[in-house]
Amino acid sequence: MADYNPQEIEAKWQKRWAEARVFESEADPSKPKYYVLEMLPYPSGTMHMGHMRNYTIGDVVARVKRMRGFNVLHPMGWDAFGLPAENAAIKNNTHPRTWTNNNIAEFQRVLRRFGFSFDWRREISTCEPEYYRWNQWFFLRMLERGLAYRKKSRVNWCPKCCTVLANEQVVNGGYCWRHEDTLVESREIEQWFLKTTAYAERLLDDLNQLEGGWPERVILMQRNWIGRSQGAKVKFEVADVAGVEAIEVFTTRIDTIYGATAVILAPSHPFVSKLLEGSPLRAAAEPKLAKMRQSSVKTEDLATMEKEGFFTGRHAVNPFSGEKIPIWVGNFVLMEYGTGAIMAVPAHDERDLEFCRKYGLPIRVVIQPLEGELLVAEKMTAAFDAHEKGKLVNSGPFNGLSPAEAIAKMAAFAEQKGFGRAETIFRLKDWGISRQRYWGTPIPVVYCPNDGMVPVPDKDLPVLLPPNPNLTGMGDSPLATTPEFVNTTCPKCGGPARRETDTMDTFVDSSWYFYRYTDPHNDKAPFDSAKAAYWFPIDQYIGGITHAILHLLYSRFWCKVMRDMGLISHSEPAARLFTQGMVQKGGVAMSKSRGNVVGAEDMAQKYGADTGRLYTLFAAPPEKDLEWSEESIEGSWRFLNRVYRLLDRHAAALRGVNCGRIDAAATTAKEKTLLRKVHQTLRRVTQDFETRWHFNSAIALIMELTNEIYAHEPLDEGVRPEIRKELLELLTLMLAPMTPHLAEELWEMLGHSDGQWIVPWPSFDAELAREDEVEVPVQVNGRLRGKVKVAAGTAEEVVVKLAQADSAIAHHLNGKRIVKRIFVPDKLLNLVVA
RNA sequence: GCCCGGGUGGCGGAAUGGCAGACGCUGAGGACUUAAAAUCCUCCGGGGAUUUUUCCUCAUGUGGGUUCGACUCCCACCCCGGGCACCA
């Protein structure tokens, strides 16, 4: 008689698994594969149960699939570059690498302590040159394909730090995180971009392939983010200034162009100052313009901001009607979207209506509804923007057309006349990857006075980070102030040159890391295409909803570029995505800063990893948030103790027993009850694991089974050894994916000298699971009035007779006439009486 | 404002058209014990009738609807959480 000692058991089996290398797998086209992956962690702070939940879910899936005979790839690595390492290094006067590697060691120890079935040989760390050289290699390939380019772009700049701030370093709606009294400025500097927009169409269209495999809301968020908009660009000539280019507007409703009563430019539109030059209204306009340009920094209250604008004193010519309309500047027009200029059609656009009413601009109806009262401009309370159910009026030769017809015809007309064309635009922007930071992948180009920008040749990769950077958090980027890094020679002419000092966004690292897992030590290529072809696509990707847009979008982009490069032949990296809920305490997500973390290691020490794993699976379904409760976890601990005691009591006597096939007919009532329960449980648990991922209800079922076995103690009286063994073995195997250490121990106690890892998932016996007696609920007029006990499969007539004979039920029938009967065999009888 | 997700006992949750509250936590009572821990057993949504056994009734955010039957499907509304947000 021994107590359940998780510390001892868990250490023992972790050692055995490592020795037997049971979680190591190799590409083998003769076997069916399964690639299950949890998003790689950023190693910072301490690992808490929020982290563990994610890996536990993945580990259950990995272990179930192994038991199902799949060749499973389940790797782990570290998203090791990033700003926090640099900040911590400055604060503690250490090196980012030291800080990062200490954290990695810590994280790794905790993950091992939880017994996750990772193939640790495939571990990667993105801050190692062996990894980031391939970021550089990919960058060069993108440069060759015209997918990487430089342009001026805005950054957040703190005038006190004299440095660039990341978005998350801008706090309280526009202040520096270090100098909370200092407003962050917006500065333009040259930065590197990747042309994600070149793939906008495919990124959008291929979302269709993910339907059913990815959560609907993630697909939707990506669709909105990419934001395809079909419309037309139209040029409006400027009437009263010579030598100014035509203003191009974007509209989705070219059919309403005869109703345009103004052209409105974004405050930062490049034409604004040219238009104001010499304008009689210039003096009045400039202070307004300055105010608008300044306030455009704060994006938060943009939506609620009142529409403001001013007239430039200039006019544009409507290319369709020849009409002269005023050119305004409006704060609600965004330079970043479309062309930064719109035509205002107040009768048919809500925003335009609001603006034009405010400033007394005319309103002209050009679409009349097919039904109901005709619109009168002065009386309109809302813009009429229905696409259908209307026809064009006041639109010259296009009168009478439906908006859909007009959109096609008018775009074609504009193209023919050379002042416009149909065009699709996207909200998605190119991916700015430049960071003026140290702890990231150096961008592999040099600047030569003779040859200009020159890519670093492949043979010179990796461009290594200098070991002793000048880290202050102030002034120029750290690489720029490290002369031994900056000063180099031009690969083309051999003369002196300067290195690019920007490093890459860490989203680059995480955009393709899962390919590297398939071939982590390759020093000739990022990975071997044949290996990737075997393992990809990822069968199940698991992570937080927080990555629904950026990480997953960039990964999808990378995948498509790699496909175009011929490295892979699939177009989406992950067939299925699961977004698990957060672990909360006190109603908020666990985080170090909130001080509400439940440390994973503390948990393992107090209850053992298996209890921690079981509880995170039991407390809530995996997709929902989980509120951590110190009291509830006791229940999981008690349950595992209960199971252990049960096996401790019976296993020794069963060590030498062979199960064999059980003949359902030759069993006693007690045996039959227990066998039925265990096979029913197995049937439902199998479903919960395979199709529904309802781990919480699977555990509830296993608890019920355990209760049932306890209720039949003493088990060794009236239950034959082979049946006892079958019961306890199935119980053990059902627990194996969730509490693997305990399950291995119990398996060994039952007399198995081979580890459980060679055992396939058991299949349930339908014959043994079958109920032979059922209680059929009987309703009268849809209300439950009684139950009748009958043999399974009893016919309707018999059940009705029994129901009528039941006094409680008969009372409700009370001589009334039965007008209808609904009978679901073994499930329900409903008698409808009049 | 628009788009998702959710609302079930004291708590976490179960049931996806067929016995609402499985399983667990908490709480109450009991057994064992010199005692405690551990363990085991019983009870635990509200109201009412009956009194020792059961029965009735209300109840899954609110109000309607569909159905023999609705936590589950449909419509409207309220509340909570999340995402997007002047996207032309």
Side-chain angles (χ1 to χ4, degrees), chain A residues 3 215-221 223-225 227-229 231-232 249-254 256 264 266 299-300 302-307 330-334 336-345 348-352 354-355 385 425-428 545-546 548-549 581-582 587 614-615 618-621 623-636 638-639 641-642 645 692 694 696-707 710-711 713 775-787 808 811-812 818-824 826-833:
Chain A
D3 282 336
E216 201 49 50
R217 63 176 173 149
V218 174
I219 294 176
L220 198 75
M221 280 159 83
R223 282 210 177 103
N224 291 339
W225 190 261
R228 176 158 58 194
S229 184
V249 306
F250 178 77
T251 178
T252 53
R253 294 298 304 275
I254 193 172
T256 65
I264 310 178
T299 47
E300 282 155 32
L302 215 87
T304 49
M305 221 157 69
E306 175 147 13
K307 289 183 178 42
N331 65 348
F332 69 103
V333 179
L334 305 174
E336 307 80 61
Y337 189 78
T339 59
I342 63 160
M343 61 178 197
V345 185
H348 305 291
D349 181 281
E350 205 54 56
R351 294 154 307 182
D352 295 348
E354 190 188 330
F355 189 84
D385 56 8
I425 64 162
F426 294 88
R427 206 191 80 111
L428 181 74
I545 186 74
T546 41
I549 298 175
M582 281 184 307
L614 187 78
Y615 177 67
F618 180 58
E623 70 280 5
K624 280 183 72 178
D625 287 347
L626 183 160
E627 174 67 28
W628 190 267
S629 155
E630 288 297 333
E631 288 164 343
S632 293
I633 193 166
E634 291 279 348
S636 297
R638 280 201 282 262
F639 168 66
N641 273 282
R642 236 163 114 73
R645 280 197 305 274
R692 308 197 309 165
H694 284 198
N696 55 332
S697 61
I699 294 164
L701 289 164
I702 298 171
M703 286 175 169
E704 261 189 76
L705 170 66
T706 308
N707 292 344
Y710 262 82
E713 287 277 36
E775 268 200 331
V776 179
V778 179
Q779 299 179 335
V780 177
N781 285 351
R783 307 187 63 112
L784 182 74
R785 298 300 181 188
K787 291 165 195 179
H811 170 74
H812 289 278
I818 296 172
V819 294
K820 192 170 180 181
R821 300 195 309 220
I822 292 96
F823 182 70
V824 184
D826 297 347
K827 280 275 158 75
L828 174 104
L829 173 67
N830 186 11
L831 301 170
V832 185
V833 297

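Chain letters run A, B, ... following the sequence lines, proteins first, then strands; residues in each count from 1.
Taking every side-chain heavy atom of A:K787 into account, B:C19 is the closest of B:C4, B:C19, B:A88. Checking B:A88, B:A14, B:C23 against the side-chain heavy atoms of A:P621 singles out B:A14 as nearest.
Within 3.5 Å, no donor on the side chain of A:K820 pairs with an acceptor on the base of B:C68, nor the reverse.
Nucleotide B:U53 has no partner under the Watson-Crick or G-U criteria, as no pair reaches both atom distances under 3.5 Å.
For the OP1/OP2 pair of B:C3 and a distance below 4.0 Å, the side-chain nitrogens and oxygens of A:N224 include no atom meeting the criterion. Between A:R642 and B:C40 there is a side-chain N or O to OP1 or OP2 distance below 4.0 Å. Of the side-chain N and O atoms in A:R785, one or more sit less than 4.0 angstrom from OP1 or OP2 of B:C56. Put simply, A:N707 has a side-chain N or O that comes within less than 4.0 Å of OP1 or OP2 on B:G24. Taking 4.0 angstrom as the limit, A:S636 places none of its side-chain polar atoms (N or O) nearer than this to OP1 or OP2 of B:G24. Close to B:C40, at under 4.0 Å from its OP1 or OP2, lies a side-chain N or O of A:R645. Under 4.0 angstrom from either OP1 or OP2 of B:G13 there lies no side-chain N or O belonging to A:H694. Distances shown here put every side-chain N or O of A:R638 at or beyond 4.0 Å from the OP1 or OP2 atom of B:C40.
Among the protein residues, A:V345 comes within range of no part of the nucleic acid, since none of its heavy atoms lies under 4.0 Å from any strand.
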*Could you go through the side-chain contact (heavy atoms from CB on, under 4.5 Å) check for A:F618 and A:L626 one step at a time?*
CA-CA 10 Å; A:F618 180 58; A:L626 183 160; over 6 Å; no

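Comparing B:G45 with B:A38, their C1' atoms are spaced 31 Å from each other, to the whole Å. Using atom P as the reference point in both B:G63 and B:A70, the two lie 15 Å apart (nearest Å). Rounded to whole Å, the separation between the C1' atoms of B:G48 and B:A59 comes to 14 Å.
Side chains of A:R642 and A:N707: a donor on one and an acceptor on the other come within 3.5 Å.
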